[in-house]
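Just so you know, ligand 1 is whichever comes first in the structure, and atom 1 is the first atom listed for that ligand.
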Amino acid sequence: MASIFSKIIAGEIPCYKVAETNDFLAFLDINPNAKGHTLCIPKKEVDKLFDLDESTYDGLMKFSRTVAVAIEKAVPCKRVGMTVVGLEVPHAHVHLIPLNAMEDAQFIKKESLSSEDFETTAKAIASFL
Ligand code: AMP
């Protein structure tokens, strides 16, 4: 069965898109640790990040770096952190999280955002790409 992220790629489920290439997609995490929390995924569905073929893995890291630089320009934060978990969605992804405090990296404090907040944030990040 296709992962929820493959359904997003196929356009069957909506997302707040930040960036897209032929091979990768970045969109806002729907349950963010902080405003601007973004997920970068390969369009190729593979469960675990380190099972990706080397070219897709390298491409995902390059794509994630580009998106992280844009997040840092668009969202006030001390820095952008990168985390890989994958316990919830079995489709390799990188979390890019604007950090102001250690709790922002810990997946315990969640930010409640309106759909307008999500839309504005996605557009703001995209404008720096
Ligand atoms: P994990 O697999 O543990 O790295 O966590 C998966 C992440 O995907 C969580 O932070 C969720 O909030 C996020 N997530 C799950 N479904 C969606 C969705 N439809 N749109 C955006 N983010 C999602």
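- Closest protein heavy atom to atom 15 (C) of ligand 1: E88 OE2, 3.6 Å.
- Nearest residue to atom 20 (N) of ligand 1 from V94, I30, N33 is I30 (criterion: closest heavy atom).
- Within the 4.5 Å cutoff, side-chain heavy atoms of T21 are placed close to those of F63.
- When only interatomic distances are considered, the shortest N/O to N/O separation between K110 and ligand 1 does not fall below 3.5 Å.
- The shortest side-chain heavy-atom distance between M82 and S64 falls under the 4.5 Å cut-off.
- With a 4.5 Å cut-off on side-chain heavy atoms, I125 and L28 count as touching.
- Of the polar atoms of H37, none of the N or O atoms is found under 3.5 Å from an N or O of ligand 1, judged by distance alone.
- Contact atoms of ligand 1 toward N31: 12 (O) (distance under 4.0 Å to a heavy atom of the residue).
- For ligand 1, the atoms closer than 4.0 angstrom to any heavy atom of L28 are 21 (C).
- Taking only nitrogen or oxygen atoms, main chain and side chain alike, F5 does not reach within less than 3.5 Å of ligand 1.
- Taking the six-membered ring for Trp and the full ring otherwise, the centers of H93 and H91 sit at least 6.0 Å from each other.
- Residues F24 and K43 have side chains not in contact (no heavy-atom distance under 4.5 Å, counting atoms from C-beta outward).
- When atom types are taken as modelled, the side chain of S6 and the backbone of A2 share no donor-acceptor pair closer than 3.5 angstrom.
- Without hydrogens or angle criteria, K7 side chain to E12 main chain gives no donor-acceptor distance under 3.5 Å.
- Among all non-hydrogen protein atoms, the one lying nearest atom 9 (C) of ligand 1 is D29 OD2, 3.4 Å.
- Using a 4.0 Å cutoff on heavy atoms, G86 counts as a contact of ligand 1.
- Shown here for N100 and P76, the closest heavy-atom pair between the two residues is ND2-O, 3.6 Å.
- For a threshold of 3.5 Å applied to N or O pairs, the pair formed by L87 and ligand 1 contains at least one separation below that value.
- Looking at atom 19 (N) of ligand 1, its nearest protein heavy atom turns out to be I8 CD1, 3.8 Å.
- Assignment of V84 to the shell around ligand 1 is not supported, since no heavy atom sits closer than 4.0 Å.
- When all heavy atoms are compared, the tightest approach of A19 to V67 is CB-CG2, 4.2 Å.
- The distance from ligand 1 to the heavy atoms of L39 drops below 4.0 Å at these ligand atoms: 8 (O), 13 (C), 22 (N).
- Using modelled atom types and a 3.5 Å distance limit, the side chains of N33 and K109 yield no donor-acceptor pair.
- Close to ligand 1: F27, with a non-hydrogen atom less than 4.0 angstrom away.
- Below 4.0 Å from some heavy atom of H93 lie the following atoms of ligand 1, by number and element: 1 (P), 2 (O), 4 (O), 5 (O), 6 (C).
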